[in-house]
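Contents: one structure, followed by commentary.
Below, read A as the first sequence line, B as the second, and so on, with proteins coming before strands; counting in each chain starts at 1. The analysis underlying the following values was restricted to heavy atoms, covering all of them including side chains, and did not include hydrogens, waters or symmetry mates. Note that the coordinates shown come from a computational prediction; the quantities given were computed from them, not determined experimentally.
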Protein chains: 2
Amino acid sequence: METSNVIESFSALAQETRLAIFRLLVRQEPDGLAAGELARQLSVPHATMSAHLAVLSRAGLVVSRRQGRSIIYRANLNHMQEAIRFLVRDCCAGHPEVCGPLAESLIGCTPNQDRK
Amino acid sequence: METSNVIESFSALAQETRLAIFRLLVRQEPDGLAAGELARQLSVPHATMSAHLAVLSRAGLVVSRRQGRSIIYRANLNHMQEAIRFLVRDCCAGHPEVCGPLAESLIGCTPNQDRK
DNA sequence: TTGATGTTTCCATATTTCTAAAAATATGGA
DNA sequence: TCCATATTTTTAGAAATATGGAAACATCAA
């Protein structure tokens, strides 16, 4: 991932409503949620929601597909992964005291995974 | 870590110069770098650098200590760790396909660590 | 086609952020 | 004390972002 995209992604998440949108979509994986449903659940006017979703989309953090009248949004978990990897990359080699505990805490949450 | 601090942290990193500052400081761990040296290396006026460092400080991403006339800044790796954990937390339980590969890539970079 | 529903675009306003010069503050040496 | 160096604070204009109502656009059902 390029620097400009990392900045765009952090920028997208550095806003209360958008962070809430993203986290909600992460929890709704893999089904996703319609734009209107997001607006309702987070008590945000549709125009405002639409603008925020556009920001998250441009950053690549969410993807959307039309389903009838609705447009379903989903979190792009792979993108989040890449952004995190970018941050960690720099200290990875020289500072295992960071990556170590972080890796451990991630391992701890992958109970019985067969690596599909 | 609280939501407001996460937003503050992402916001701090969502800016070209500040992201460069943080990454540079990560690479300079554990020695750190003086404010003036940072300004010189990144070709940024000192007033501008000072403002950016204040933002990173408020977010908790860097810490500083005075040393003679200089003020030495260091990356707060622990804080970065916490911010990442916040992001991953939501999908941790339900979506191991995210944490798994991420954890693996982190494990891969902690070669011979005794967990000080 | 008409009407109902879901979403985005347009627009104006309010707010925040970026930038860097100038002035102020802190430190240490002579 | 006075001076040089290092950094921060103040300030303010320009640019970017947030917000939400109204209108436009898209889809489906009758």
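Hydrophobic cluster membership is shared by A:Ile7 and A:Leu61, with clusters built from Ile, Leu, Val, Met, Phe, Trp and Tyr side chains linked at under 4.5 angstrom. Under a hydrophobic-cluster definition in which Ile, Leu, Val, Met, Phe, Trp and Tyr are linked whenever side-chain heavy atoms come within less than 4.5 Å, directly or via other members, B:Leu56 and B:Val63 are assigned to different clusters.
Residues of residues 51-72 of chain A that place a heavy atom closer than 4.0 Å to DNA chain C, in numerical order, are A:Arg69, A:Ser70, A:Ile71.
Contacts of A:Arg18 with the nucleic acid, taken as non-hydrogen atoms under 4.0 Å apart, involve only primed sugar atoms and P, OP1 or OP2. Contact annotation for A:Ala47: base contact, defined as any heavy-atom pair under 4.0 Å involving a base atom. Note on A:Ala39: nothing from the nucleic acid sits closer than 4.0 angstrom, heavy atoms only.
Judged by distance alone, the side chain of B:Arg66 and the main-chain N or O of B:Gly68 form a donor-acceptor pair under 3.5 Å. Of the possible donor and acceptor atoms, none in the side chain of A:Ser50 sits under 3.5 Å from a partner among the backbone N and O of A:His46.
A distance of 9.5 Å separates CD of A:Glu37 from CG of A:Leu42, quoted to the nearest 0.5 Å. Rounded to the nearest 0.5 angstrom, B:Glu16 CD and B:His52 NE2 are separated by 10.0 Å. Atom-to-atom distance recorded for A:Leu87:CG and B:Gln81:CD is 12.0 Å, nearest 0.5 angstrom.
Of all nucleotides in DNA chain C, those with any atom nearer than 4.0 Å to a heavy atom of chain B start and finish, going 5' to 3', at C:dC18 to C:dG28.
Counting heavy atoms from C-beta outward, B:Met1 and B:Arg85 have side chains that stay 4.5 Å or more apart. Looking only at side-chain heavy atoms (C-beta outward), A:Met80 and A:Leu13 stay at 4.5 Å or farther from each other.
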**OP:** Toss me the dot-bracket line for DNA chain C: Watson-Crick and G-U wobble, both under 3.5 Å, 5' to 3', using | for pairs to another strand and [ ] for crossers.
**Re:** ||||||||||||||||||||||||||||||
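Atom CD of A:Gln41 has more than 12 neighbouring heavy atoms from other residues, nucleotides or ligands inside a 6.0 Å radius.
Each of B:Thr48 and A:Ala14 lies near DNA chain D, and the nucleotide nearest B:Thr48 is the one positioned closer to the 5' end.
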